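Written below as structure tokens is the structure these notes are about.
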Amino acid sequence: MSSRRPCALRLGPLARASVIAIILGKRQMRRALAVPASILVLAGTAAPTSAQSWVVAPASDNAEIISQLFWFTLVLATIVFLLVEGLLIYSSLRFRRRAPLPLREPPQIHGNTRLEVMWATVPALILIGLFGVTVTRMGELSQLPVNDPSTLKISVTGRQFQWTFGYGDTGVTSTETLHLPVGRPLLFEVTSMDVIHSFWVPDMYGKIDANPGRINRITFQAKHEGTFRGVCAELCGAGHGTMLFRVEAVPQGDFDQWIEQQRTGAAAPGAAAGGEAAQQAAPIIAQKGCGGCHVIPGIPGASGTVGPNLSGVASRTRIAAGAVPNNGPDDLKRWISNPPAVKPGTIMPNTGLTDAEASTVVAFLETLK
Ligand code: CUA
């Protein structure tokens, strides 16, 4: 942008089109604008697993409300911005000092009652309107479906540094992945076992604090199938940045099937333990006590629920509550050999596996696809 030209504000065609789009509310144009808008608003928190962020493609009914509020505020603020900046630029150019200097003073308007009232009232009315719309929509967001018999209650428990999810009265829990049926009212009961965390699935809802000794409730309905990213949004210790989870929204039938598999202890599809590899790894796993924290298909007695269920661990793209990429045996081996070195603050201890033992265990884990 050249500052030497009299008309300093030379918007590019895209920027101009974007501004027009906000005002006119054209859907296509809004989508075009949403990319820079998302970057501004989310500052890197947009879900990388979903194609578009909640700004343009909210994945739940309540994310839709939040998205509408966002657009409403953005359009309103843009109109005010254009009006104020437009008048400023117009005045700067129209009334700029010209040579030779005219020495007459412009008309003085200090104390002009009409102007004073106007520029106090108009912003106040805008803010009151914005407040009204926001409070109304927030009221809709906080309507909990407590009396709806089809509601699924999901308990959400944060702790340093992972999330545990419980599904209604089924007794089924999961870590790392939150499984959701599409199109069903969901009531989340969010709490913490240690410090304050914050449960956040940007595509589905805003943040809600997970406080120890207290339950905070939120609700939403997943609108369509998909995989989304969830995070902890409250600084909670060394592992805060890696306190992640995945959200899998699936049709009700698939969800029921998954619950049934978990209840009956049946391995997930493809998660059947490999015979020989399991036999070799079983004594090591028993000696190190892995089954105290993990459900491990093919290992008798491995039924702990403190850590993630290891069904299908080999086919996960990330492990350690999303902290570590899982691109093959080397990643798994690096992780189980010394977890605290890979994910600071993790409660998974270094069990002192030798290199050979780690290889044997990983060879077995790689069969859990
Ligand atoms: Cu838990 Cu940040």
Side-chain angles (χ1 to χ4, degrees), residues 38-39 41-50 53-54 59-60 62-63 66 141 153-167 172-180 186-220 222 227-249 293-294 304-310 313 316-326 331 335-336 338-350:
S38 309
I39 293 167
V41 171
L42 296 175
T45 55
T49 44
S50 49
S53 77
W54 61 268
S60 83
N62 282 346
I66 297 171
L141 287 179
K153 268 191 196 172
I154 298 182
S155 68
V156 176
T157 308
R159 74 139 172 268
Q160 294 168 316
F161 296 96
Q162 71 170 29
W163 297 94
T164 303
F165 309 104
Y167 301 86
V172 172
T173 62
S174 69
T175 58
E176 301 212 318
T177 304
L178 168 61
H179 299 259
L180 302 178
L186 306 169
L187 180 60
F188 295 86
E189 301 189 319
V190 183
T191 188
S192 165
M193 278 171 61
D194 39 41
V195 300
I196 300 176
H197 304 273
S198 179
F199 173 72
W200 193 26
V201 186
D203 291 287
M204 299 277 185
Y205 199 83
K207 303 165 187 173
I208 185 77
D209 273 355
N211 299 329
R214 187 190 154 85
I215 291 177
N216 285 335
R217 291 178 177 81
I218 58 166
T219 180
F220 59 77
T227 302
F228 308 93
R229 187 191 184 203
V231 298
C232 174
E234 178 80 40
L235 182 59
C236 56
H240 159 70
T242 48
M243 191 169 161
L244 310 169
F245 59 101
R246 213 155 42 110
V247 181
E248 297 276 6
C293 290
H294 298 283
T305 53
V306 175
N309 183 321
L310 298 186
V313 67
R316 286 178 204 162
T317 52
R318 299 187 79 84
I319 48 176
V324 182
N326 184 25
D331 284 332
W335 167 243
I336 66 166
N338 190 356
V342 177
K343 179 177 176 176
T346 182
I347 56 168
M348 178 155 159
N350 182 349

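In what follows, every heavy atom counts, from backbone to side chain, and hydrogens, waters and symmetry copies are set aside. The structure displayed is predicted, hence computed values, not measured ones. Each ligand, and each atom within it, is numbered from 1 in the order the structure gives.
- Qualifying side-chain hydrogen bond (donor to acceptor under 3.5 Å, both in side chains) partners for Glu176, counting only residues two or more places apart in sequence or in other chains: Arg316.
- Residues passing the side-chain hydrogen bond (donor to acceptor under 3.5 Å, both in side chains) test with Thr177, sequence neighbours excluded: Arg246.
- Annotation: side-chain hydrogen bond (donor to acceptor under 3.5 Å, both in side chains) contacts of Ser174 (sequence neighbours excluded): Tyr167.
- Looking at Phe220 and Ile66, their side chains never come closer than 4.5 Å, going by heavy atoms from C-beta outward.
- Protein N/O/S atoms closer than 2.8 Å to atom 2 (Cu) of ligand 1: Cys232 SG, Glu234 O, Cys236 SG, His240 ND1.
- Distance alone, capped at 3.5 Å, is enough to place a donor-acceptor pair between the Asn216 side chain and the Asp209 backbone.
- Side-chain contact check for His179 versus Phe165: every heavy-atom pair is 4.5 Å or farther apart.
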